[in-house]
Chemist: 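This structure is in structure tokens; I'll ask about it shortly.
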Amino acid sequence: MTFSLRQLRLRAVWLLILPFLVFARPTPSILVPGAGLALTGALLRTWAAGTIRKERGLSTTGPYAHTRNPLYLGSFLIGLGLTLAGGRATFVLLFIVFFAWIYGRSVRAEARLLYKNFGEQYAEYASNVPVFVPRIIPFRVTGEGRSISASGFRLRRWWSNREYEALLSVLAGFAFLIAKLLFW
């Protein structure tokens with residue numbers, strides 16, 4: 001049985017989640033900064049998912065004008081925030097290694113696909129917009145290349161991209177950590 005990179009990401013994360021739930025030791029002093037990171041990641045994912053029009057064109061506006069992978073950056077901030085809030089440095093390190101391995105592969109595969117689909121338009125975009133760490137000044141498409149996401153954020157698009165699932169996951173993760181802090 002072979003898995004797509006997306007399926008691998010979604011299944012492999014459970015190798016970290018289950019032990020994390022058992023061994024997490026949240027404290028108020030780490031729960032708050034962890035929640036801040038995770039909230040930042042959730043907001044970034046919300047903005048990105050409400051901007052992108054998957055399989056419809058190359059998105060280069062909104063968060064995509066700052067980083068080529070705002071959904072992955074948002075996921076990284078969410079995961080880092082949750083693992084930090086869990087109070088175990090081991091899980092923070094495991095998460096970073098896991099993320100670099102799994103998402104590094106996904107980023108490279110998606111870049112190849114985007115270059116295949118959009119050629120020079122993607123090449124110009126990729127040469128001007130960082131893979132992960134955002135640029136401060138947003139990228140602007142030059143020449144005839146226009147972004148399909150120029151219409152901006154749409155709540156309906158966010159919903160159809162099922163981004164509420166990520167938001168619910170963040171809420172569930174922090175609800176668990178708060179319950180563990182209060183009752184265990």
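Scope of the values below: all heavy atoms of this structure, side chains included, with no hydrogens, waters or symmetry mates.
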Chemist: Which heavy atom of V107 sits nearest to which heavy atom of Y72, and what is that distance?
Modeler: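 Taking every non-hydrogen atom into account, CG2-CD1, 3.5 Å.
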Chemist: Could you list who else is in L39's hydrophobic cluster, with ILVMFWY side chains joined at under 4.5 Å, directly or through other members?
Modeler: L43
Chemist: Anything under 3.5 Å between a donor and an acceptor, one on a side chain of residues 74-93, the other on a protein residue two or more places apart or in another chain? List them.
Modeler:
| from | atom 1 | to | atom 2 | distance (Å) |
| --- | --- | --- | --- | --- |
| S75 | OG | R45 | NH1 | 2.7 |
| S75 | OG | L71 | O | 3.1 |
| T83 | OG1 | G79 | O | 2.9 |
| T83 | OG1 | L80 | O | 3.2 |
| R88 | NE | F23 | O | 2.9 |

Chemist: Is there a donor-acceptor pair closer than 3.5 Å between any side-chain N or O of Y125 and the backbone N or O of Y64?
Modeler: yes
Chemist: Working to the nearest 0.5 Å, report the span between CG of L168 and CD of E163.
Modeler: 10.0 Å
Chemist: In Å, rounded to the nearest 0.5 Å, how long is the span from OH of Y122 to CG of L113?
Modeler: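 Y122 OH to L113 CG: 9.5 Å, rounded to 0.5 Å.
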Chemist: Which residue pairs pass the ring-ring contact (aromatic ring centres under 6.0 Å, His included) test with at least one member in residues 28-56, sequence neighbours excluded?
Modeler: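 Applying ring-ring contact (aromatic ring centres under 6.0 Å, His included) to every pair that reaches into residues 28-56, excluding sequence neighbours, yields nothing.
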Chemist: Apply side-chain contact (heavy atoms from CB on, under 4.5 Å) to A123 and list each qualifying residue two or more places apart in sequence or on a separate chain.
Modeler: Y115, E120
Chemist: Quick check: closest heavy atoms across T51 and P63, and the distance to 0.1 Å?
Modeler: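 Where T51 meets P63 most closely, the heavy atoms are OG1-CD, 3.8 Å.
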Chemist: Taking CD1 in I137 as the centre, count heavy atoms belonging to other residues, nucleotides or ligands within less than 6.0 Å. Is the count above 12?
Modeler: no
Chemist: Quick check: does any side chain N or O of R157 sit under 3.5 Å from a backbone N or O of G152, one acting as donor and the other as acceptor?
Modeler: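 Yes; at least one donor-acceptor contact below 3.5 Å.
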Chemist: May I ask you to decide if the ring planes of Y103 and F99 are parallel, tilted or perpendicular, using 30° and 60° as cut-offs?
Modeler: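 Judged by the thresholds at 30° and 60°, the geometry between Y103 and F99 is parallel.
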Chemist: Which donor-acceptor pairs under 3.5 Å do the side chains of residues 169-179 make with protein atoms, sequence neighbours left out?
Modeler:
| from | atom 1 | to | atom 2 | distance (Å) |
| --- | --- | --- | --- | --- |
| S169 | OG | E165 | O | 2.9 |

Chemist: Sort and list the pairs that fulfil salt bridge (charged side-chain N to carboxylate O under 4.0 Å, His left out) and have at least one residue in residues 62-77, not counting sequence neighbours.
Modeler: none
Chemist: For R112, give me all partners under side-chain contact (heavy atoms from CB on, under 4.5 Å), at least two apart in sequence or on another chain.
Modeler: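 Applying side-chain contact (heavy atoms from CB on, under 4.5 Å) to R112 gives R108, A109.
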Chemist: If two hydrophobic side chains count as joined below 4.5 Å and joins carry through other members, does V97 share a cluster with L18?
Modeler: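 Shared cluster, no.
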Chemist: If hydrophobic clusters are built from ILVMFWY residues whose side chains come within less than 4.5 Å, do I30 and V32 share one?
Modeler: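 No; V32 is not reachable from I30 via cluster members.
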Chemist: Under a single-linkage definition using a 4.5 Å side-chain heavy-atom cutoff for Ile, Leu, Val, Met, Phe, Trp and Tyr, are I96 and W101 assigned to the same hydrophobic cluster?
Modeler: yes
Chemist: Any donor and acceptor pair, going by atom type alone, linking the side chain of T60 with main-chain N or O of A65 inside 3.5 Å?
Modeler: no
Chemist: N69 side chain to F132 main-chain N or O, any donor-acceptor pair under 3.5 Å?
Modeler: no
Chemist: If only atom types and distance count, is the side chain of K180 paired as donor or acceptor with the main-chain N or O of A24 below 3.5 Å?
Modeler: yes
Chemist: Under the side-chain contact (heavy atoms from CB on, under 4.5 Å) rule, collect the residues that match up with N128, sequence neighbours excluded.
Modeler: E124, R135, F139
Chemist: Give the intermediate values and the outcome of side chain to side chain contact (heavy atoms under 4.5 Å, CB included) for residues L73 and L44.
Modeler: CA-CA 8 Å; L73 177 57; L44 179 57; 3.7 Å; yes
Chemist: Under the side chain to side chain donor-acceptor pair (under 3.5 Å) test, which residues partner S29, sequence neighbours left out?
Modeler: T27
Chemist: Partners of I136 by side-chain contact (heavy atoms from CB on, under 4.5 Å), sequence neighbours excluded?
Modeler: none
Chemist: Measuring centre to centre across the rings, with the benzene-like ring taken for any Trp, is W159 within less than 6.0 Å of Y164?
Modeler: yes
